[in-house]
Structure formats: C-alpha cells, structure tokens
Amino acid sequence: MSTDPLPEGIEVFSTCPPSSAFDPRGYVERVEEVARWSDDSGYRGILVYTDNRLVDPWLVAQLILQATSSLCPLVAVQPLYLHPFTAAKKVASLAFLHGRRIYLNMLAGGFKNDLVALGDETPHDERYARTVEYTEVVGLLLSAEGRPVRYEGCYYRLVDAVLAPPLPSDLRPGLLISGSSEAGL
C-alpha cells in the first residue's frame, strides 16, 4: 500500500465483514482486526452493512469505535428499521461517547424479500422519497443544538422533539446515498 498522501478532499473507506459469514466470537475478533487495520492504514471510515440477516449495524459501529482511535463507522441506515429520531439519537450518543463522527449510508431499498418480510411494499421511487425525507428529519434533529424540532412530512411527523445529548456541529454525520435509477439520482 502506498503511503503517499491522498489528494485534498479524498477519503478512503474500507468494508466491515458481514456477520453472516462468522460465528459470534470469530465475528467480533474479525471486525476488530479489520477496523484496527483500517485505522492504522489511515482510512477515514468503514462501511457497516445492514439487512435482515445481519447483526445490528449500530452495535457493530460501537465495536469499531472501541477498537480504534480515529476510524469512523459508515452505518447503513434502512428507514424501515428505525424511526429517524432513533437514528439521530444513536449518532449523537456515539459522538458523545467517543468524540467521533459517524457517517450514514442512507438506503432506499434492500433485498426485496427483506422488505416484503417486514410488510413494506412501497414502490421503488417512493422508497427514495421516503429516504430523502428520513434524511432531512435526521439532519434537522442533529443540527437543532438541543432546540425542539417540529416537522410535518408525508412519512414522518415530529412535535417539539428534542434530541439529547445535542450533537456538536463538528461531528455532524457525513451522508452517502447511492442509486442509479431516475429516482435515485
């Protein structure tokens, strides 16, 4: 691996192994090993996947934060799995506990069978609209600095929701959303 510095603005992320390929003890050890290797190599972050067959990505993010000194988890967030207030609370809590930024990989879809198993038959393009609104709500909560947040959307509603602990502005999450369809773009 080259030790030359990266061009300005480029951040490198590695990928956390999926839990489905390991027994519990082996998985924890492998996550810590990959996280430490990524941290030692100067990577900015590490992608933590989510789907119905994998362990909770937020708990894996906690393992990563405990095993490293600067690596930031890029947590895959499926709006179907948790309310945006809960996602914002997890970001703020991890930042409070570890003083590190969390990155969010916002998902609009997933495996069709996973969505159906959870009763979600939302059409493809509408899932992107839901994810955009979800991301907006998370962003509002994280930037409110302890002030009440009101929000009325198509999918989410908040009435004077207060996020505590408030998130320091320098630890606001980086966001990633991918998609190649017209709705994804």
Side-chain angles (χ1 to χ4, degrees), residues 13-35 38 45-67 71-95 97 101-142 149 151-159 161 163 173-185:
F13 287 73
S14 61
T15 304
C16 185
S19 60
S20 57
F22 297 87
D23 63 67
R25 171 178 252 154
Y27 182 62
V28 170
E29 291 172 359
R30 184 66 176 148
V31 166
E32 290 173 344
E33 176 185 36
V34 170
S38 300
I46 183 169
L47 172 61
V48 183
Y49 296 112
T50 191
D51 68 40
N52 290 10
R53 64 191 173 89
L54 301 175
V55 298
D56 184 273
W58 296 99
L59 296 177
V60 176
Q62 173 67 21
L63 286 174
I64 291 165
L65 290 165
Q66 288 178 294
L71 192 68
C72 299
L74 169 58
V75 179
V77 179
Q78 167 52 268
L80 190 56
Y81 290 169
L82 72 164
H83 192 276
F85 183 88
T86 307
K89 181 78 163 180
K90 289 176 182 290
V91 169
S93 296
L94 289 170
L97 294 171
R101 190 177 194 198
I102 303 297
Y103 288 75
L104 303 175
N105 179 22
M106 307 307 296
L107 305 178
F111 296 115
K112 182 72 173 164
N113 290 343
D114 285 359
L115 301 174
V116 170
L118 298 176
D120 184 31
E121 297 182 19
T122 306
H124 176 273
D125 290 1
E126 191 176 333
R127 288 196 313 264
Y128 277 96
R130 176 177 64 194
T131 300
V132 167
E133 185 174 303
Y134 185 99
T135 305
E136 182 177 23
V137 172
V138 170
L140 286 170
L141 287 162
L142 291 172
V149 173
Y151 184 87
E152 184 77 39
C154 294
Y155 306 96
Y156 303 100
R157 181 174 182 253
L158 300 175
V159 180
L163 182 67
L175 297 172
L176 171 72
I177 186 166
S178 63
S180 57
S181 68
E182 190 173 318
L185 297 173

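With hydrogens and angles disregarded, no donor-acceptor distance shorter than 3.5 Å links the side chain of S38 to the backbone of S14. No donor-acceptor distance shorter than 3.5 angstrom exists from the side chain of S20 to the backbone of L54, with no hydrogens or angles considered.
What you find for T50 and Y81 is that their closest heavy atoms are OG1-CE1, 3.3 Å. When all heavy atoms of L142 and A88 are compared, the pair lying nearest together is CD2-O, 3.4 Å. Taking each heavy atom of L71 and L65 in turn, the nearest pair found is O-CD2, 3.9 Å. Closest approach of A76 to P57, counting heavy atoms only: O-CG, 3.8 Å. The two residues T15 and V34 make their nearest non-hydrogen contact at O-CG1, 3.9 Å. Heavy atoms only, all atoms of each residue included: T131 and L107 are closest at OG1-O, 3.0 Å.
Residues P79 and Y155 have side chains not in contact (no heavy-atom distance under 4.5 Å, counting atoms from C-beta outward). Annotation: side chain of L115 is in contact with side chain of R127 (closest heavy-atom distance under 4.5 Å). Contact annotation: the side chain of L158 approaches that of H83 to within less than 4.5 Å [non-hydrogen atoms, C-beta and beyond].
If you take CD1 on I64 and CD1 on I46, they are separated by 4.5 Å, rounding to the nearest 0.5 Å. Here the CG atom belonging to L82 is positioned 3.5 Å from the OH atom belonging to Y134, to the nearest 0.5 angstrom. Taken from CG in N52 to CG in N113, the straight-line distance is 9.5 Å, to the nearest 0.5 Å. Rounded to the nearest 0.5 Å, atoms CG (L141) and OG1 (T86) are 10.0 Å apart. Note: R30 CZ to C16 SG = 9.5 Å, rounded to the nearest 0.5 Å. Considering SG of C72 and CG of L94, their distance stands at 11.0 Å, rounded to 0.5 Å.
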Criterion side chain to side chain contact (heavy atoms under 4.5 Å, CB included) on V149 and L163, from CA distance to verdict: CA-CA 9 Å; V149 173; L163 182 67; over 6 Å; no

Stepwise side chain to side chain contact (heavy atoms under 4.5 Å, CB included) test for W58 and V77: CA-CA 9 Å; W58 296 99; V77 179; 3.9 Å; yes

From CA spacing to verdict: side chain to side chain contact (heavy atoms under 4.5 Å, CB included), Y103, L47: CA-CA 9 Å; Y103 288 75; L47 172 61; over 6 Å; no

Trace of the side chain to side chain contact (heavy atoms under 4.5 Å, CB included) decision for E133 with Y151: CA-CA 10 Å; E133 185 174 303; Y151 184 87; 3.0 Å; yes

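Looking at D120 and R130, a side-chain N of the basic residue comes within less than 4.0 Å of a carboxylate O on the acidic one, giving a salt bridge. Classification of D23 and R25 as a salt-bridged pair fails, no side-chain N sitting under 4.0 Å from a carboxylate O.
Note: Y27 and F22 have tilted aromatic rings, judged against thresholds of 30 and 60 degrees for the angle between ring planes.
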